[in-house]
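One structure is given here, and the rest of the page talks about it.
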Number of protein chains: 2
Amino acid sequence: METAESYSKKGYEQLSVTVDLVIFTVIDNELKVLLIKRGQEPFIDFWALPGGFVRINESLEEAALRELKEETGIQKVYLEQLYTFGNPKRDPRGRVVTISYFALVDSTKIKPVVTGEEQIKDVMWFSINKLPKLGFDHEDIVKYALKRLCYKLEYTAIGFGLLPEFFTLTDIQELYEIILNEKLDKRNFRKKILSMNLLETTKKYRKGQHRPALLYKFKKIKPTHTFKKIRFES
Amino acid sequence: METAESYSKKGYEQLSVTVDLVIFTVIDNELKVLLIKRGQEPFIDFWALPGGFVRINESLEEAALRELKEETGIQKVYLEQLYTFGNPKRDPRGRVVTISYFALVDSTKIKPVVTGEEQIKDVMWFSINKLPKLGFDHEDIVKYALKRLCYKLEYTAIGFGLLPEFFTLTDIQELYEIILNEKLDKRNFRKKILSMNLLETTKKYRKGQHRPALLYKFKKIKPTHTFKKIRFES
DNA sequence: ACAAAAGTGTTCCTAATACACCCATGA
DNA sequence: TCATGGGTGTATTAGGAACACTTTTGT
């Protein structure tokens, strides 16, 4: 095992470390990812994931949260470390290892920051089905993140991170249908979601043109039991 | 988003990047982890996970495989990236981000290399239940790895990485019982394992004091179906 | 009164679990 | 012949999936 000292003595370079974020939201009934158009080489004019270098005194998660806040203005979100990509060729500028994170944000809280910084030309939400060509290995990262999102949706309550404070059961179901890209059975879905014991009813209703829908919110307390599988095939 | 250039201009230091390995095996009916006694500061005389710095031209997985080979002499193993730990305080020498991997090795193939390198005093397999105090945040890493191992054992065929070429069904069951630390029902276990379609019978038997046991081996081809859950409670 | 979304139970089927005895061998 | 680990089948239960109608509201 080498030590930091012997490592330096041998003259190995240190590496650059970045975090990259796959930030998901649902807008207009589509699952979207936030991308930034690159204003300089490499991959100038390509779209890429938001991200940046990890600073010397911040943890990886702090770096990810900092980037997230810079790009979306949002602070409190579901954030999870995904995977670390370290192919030596993944960044033409040199050796850059990136720790990828995925985040779920409630679209009603987003205020996309189109900043005035010179190197940023544009920030945009792209439907997961209509992604442009991405720079670096970011397409791999997005694919990996989507896989993880779908997977976790099936057996955890992760999807709730995409919802506002109050929501109807139909809202959640539509969210799941959008992400999983399949139709779900209403009765089975409701049974499962409610059996998780994560939700509580409110006294409020959402009024529309038709029968008002009862609004739910998350329980503050922990759920009473974990569930085996959340799958709602029909 | 910062670029490598602006990053350098601002004078941020680059970071050290290591890989650390949680290498599991089963010896004497116990789940063991390979540890190395540190020969220098920091954490001199503490035990720690094998690992080392990632070199400038190797991928993360290559670095992990290189370390694995150095410590165990083994090359072909199950290896999976676990998690990346990057707390700024985790290494007193400076900022070191570590990508942890976990590996499963067949104990019959191990030849623990007690090297002559000056900084390595000792290499040893420790029972997971009797770990010494570990340096750095390696205890967290081991715990994380164990959790992942148990978890994956329940729904994948990962455990086979710990077995030799030929084995009996009882061998596998004992392996699972050791790792999961619970007794399993023989008939249910066999039903599940065989239903995975991962194994094929051989013509060989293991002779012992009692009725000879049929030896199995892995199929070369892919399994025909994935299974829901591997749980064998009695 | 009608259009549209909200809301609600039961049956079926598959998969997980619990459980006990006979078999083949070496000593 | 006996001690020991190898090997096998069935009944029960729980959870996932399929499925259709009534309710409530606004227009």
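Below, chains carry the letters A, B, ... as their sequence lines are ordered, and counting in each starts from 1.
- Nucleic acid contact for A:Leu214: sugar-phosphate only, since backbone atoms but no base atoms lie under 4.0 Å from a heavy atom of the residue.
- Between the side chain of A:Lys186 and the base of C:dG7, at least one donor-acceptor pair of N or O atoms lies under 3.5 Å.
- The base of D:dT4 does not come close enough to the side chain of B:Lys207 for any donor and acceptor atom to sit less than 3.5 Å apart.
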Verify salt bridge (charged side-chain N to carboxylate O under 4.0 Å, His left out) between B:Glu62 and B:Arg66, making sure each step is shown before the conclusion.
CA-CA 6 Å; B:Glu62 282 164 3; B:Arg66 178 174 52 74; over 6 Å; no
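- Atom-to-atom, CG of A:Leu194 to P of C:dA6 comes out at 14 Å; the value is rounded to the nearest Å.
- Nearest heavy-atom pair across B:Leu215 and B:Thr202 is O-OG1, 2.7 Å.
- In terms of position on DNA chain D, the residue among A:Pro212 and A:Arg187 whose nearest nucleotide sits closer to the 5' end is A:Arg187.
- Rounded to whole angstrom, the span from the CG atom of B:Asp185 across to the C1' atom of D:dT10 amounts to 13 Å.
- Per the geometry, NZ belonging to A:Lys183 stands 15 Å off C1' belonging to D:dA18, to the nearest Å.
- In plain terms, the two heavy atoms of B:Glu67 and B:Gly51 that are nearest each other are OE1-O, 3.3 Å.
- Between B:Tyr216 and B:Gln209, the one whose closest nucleotide on DNA chain D sits nearer the 5' end is B:Gln209.
- Across all strands, A:Thr170 comes closer than 4.0 Å only to sugar-phosphate atoms, never to a base (heavy-atom distances).
- Checked by atom type and distance alone, the side chain of B:Thr98 pairs as donor or acceptor with a backbone atom of B:Thr18 at under 3.5 Å.
- One can place CZ of B:Arg206 at 16 Å from P of C:dT25, the figure rounded to the nearest angstrom.
- Rounded to whole Å, the distance from CE on A:Met196 to C1' on D:dG16 is 14 Å.
- The side chain of A:His210 approaches C:dA5 more closely than any other nucleotide in the set D:dG7, C:dT10, C:dA5.
- One interatomic measurement links the two molecules: CZ of B:Arg211 to P of D:dT1, which rounds to 21 Å at whole-angstrom precision.
- Counting only heavy atoms from C-beta outward, the side chains of A:Glu174 and A:Leu184 never approach each other to under 4.5 Å.
- Taking side-chain N and O atoms only, A:Lys192 has a distance below 4.0 Å to OP1 or OP2 of D:dA17.
- Distance A:Lys191 NZ to D:dA14 P: 16 Å, rounded to the nearest Å.
- Atom-to-atom, CD of A:Glu174 to C1' of C:dA6 comes out at 12 Å; the value is rounded to the nearest Å.
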